[in-house]
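Data first, discussion second: the structure below is written as structure tokens.
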Amino acid sequence: MPKPILTIKKLTKKYGNNVIFHDIDLVVNEGDTIVVIGPGGTGKSTLLRCVILLTKPDGGEIWLDDLEITAKGADEDRVRQHIGMVFQNFLLFNHLTALENVKLGLTKVKHLPEAAAHEKALAELTRVGLADRADHYPGQLSGGQQQRVGIARALAMDPRVMLFDEPTSALDPELIGEVLEVMRNLSLEGMTMIVVTHEMGFAREVADRIVFMEKGSIVEEGTPDDLFYRPKYERTREFLWKITELYGKKEAKE
Amino acid sequence: MAEWLGLFQRFLKDFILGAGTTLELTAVGLLMGFLLGLGLALAKTFGPKWLRAIATGYIELFRGTPLLVQLFLIYYGLPSLGITLSQTLSAYLALGLNSAAYQAEYLRGAIQAIGNSQMMAGRSIGLSRWQTIQHVILPQALRLALPSWSNEPISLLKTTAIVFLIAVQDLMAKAKRAATITYNPIGSYLAVAVVYLVLVFALDALLKWAERKTKIPGFEINTKRV
């Protein structure tokens, strides 16, 4: 029996009268890579932000292991240490070098001594193939490199779960590959991941399960083969093939 | 010309003393204004509603009334409430409180430009709100604010001249003294104008140096809202 790390129950988020999503149920098991797909504005990013407590949900519960993190009085800063997040626009600390970006959480949150933090940060940069860029500032790195630093920064905290919010959407096509490569390796190493993306190649190859969201709810959920070849709903098939075709065409042009 | 140089020479020691006082007033006013202004800017950006309202009210009040009125209220007005401050202390206080309102606005703009998205990034790795402000937002916001904030020290240096009205012996007071003694107002005020100019040039060079010194390669502010 696989062990659930993250359990989302009946999660609902509204802004005023505008319902972003409602009654989302999702169980993420240890080592799972879940890819969330769906048209823009269906609340995928907001869902991730709720999971890492950057946004408060209006209803429902989120459990990390045996702890309800949405409970009143939960130590939010502590919870966030155990969840890593990678942002669409990288959101690196622009005044710090790549190494310092990764190191900040280690010294200020984990209170590691300087030398240990340095070593760990360098190891994380090596993991994403950027040890030789340790002393570069974000402004001196390509988009793909910046995003890999973003991944290393999150990994350094040894999170239980990694969240990826459209990690390649802001990248030039030729830089997408290096980021997906890092994510693929993470998945193979057994990292538990939730990935919001439009990269269907990645979804098919790496995902254990794909979740199709539309208009604020989960339409369908299953293995890549289920969704691509045996979808329960016509809408799922339509969306998947439209996106795949778009993605395929972009690739063919290059 | 020779006569003017003579005047300059005769009062040189006086002018240097006055310039020292002027620089002290500028430094204290700037520092006080910075600390208070930073607090106001943070309150206005991240504070709860009531604190934002207080900060806004403060800024409006001190930017909306003449510094001279504020100075007189502190020096001549406070004693009637039982608080008597020395001339120098009154001058420090008026300059600091006033400068805070202006500095708050310079800093607030920069903090807001960095604000939201970097706050999210900082908190995503487990930093607290205050840690994120301290280690992530301020180091970037202060760099971003520096070029426009540099107006404030320059402007404040010249503004300090009004304190001679409560008999603080600054550069302006020395000019007035020289004018009274020599019956040569043009020469006297021209002389201190030159001293002010030299001080401003020096301060400007210092600020430019600071800007270069704190520059980060490729540092661009990501103002995109996320």
Quiz item: Can you tell which of A/M85, A/Q140, A/M157, A/K108 has the highest number of heavy-atom pairs within less than 4.5 Å of chain B?
Solution: A/K108
From [X] atom [atom1] to [Y] atom [atom2], the distance as rounded to the nearest 0.5 Å:
X: A/D77; Y: B/I125; atom1: CG; atom2: CD1; answer: 11.0 Å
X: B/R123; Y: A/E76; atom1: CZ; atom2: CD; answer: 6.5 Å
X: B/M119; Y: A/L54; atom1: CE; atom2: CG; answer: 11.0 Å
X: B/S124; Y: A/L48; atom1: OG; atom2: CG; answer: 12.0 Å

For the student: nearest non-hydrogen atoms of [X] and [Y], plus distance:
X: A/F87; Y: B/A121; answer: CE1-CA, 3.9 Å
X: B/G126; Y: A/Q81; answer: CA-CG, 4.0 Å
X: A/H95; Y: B/V136; answer: CE1-O, 3.6 Å
X: B/Q118; Y: A/L92; answer: NE2-O, 2.8 Å
X: A/L91; Y: B/S117; answer: CD1-O, 3.5 Å
X: A/N94; Y: B/I216; answer: O-CG2, 3.9 Å

Check whether [X] gets within reach of chain B through its side chain, its backbone, both or neither, counting any heavy atom under 4.5 Å.
X: A/I83; answer: backbone
X: A/R153; answer: both
X: A/L53; answer: neither

More than 12 heavy atoms of other groups within 6.0 Å of [X] [atom1]:
X: A/D66; atom1: CG; result: no
X: B/Y76; atom1: OH; result: yes
X: A/R78; atom1: CZ; result: no
X: A/E119; atom1: CD; result: no

Quiz item: Is there a donor-acceptor pair closer than 3.5 Å between any side-chain N or O of B/Q131 and the backbone N or O of A/V109?
Solution: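 No, the answer is negative, given that no donor and acceptor are paired below the 3.5 Å cut-off.
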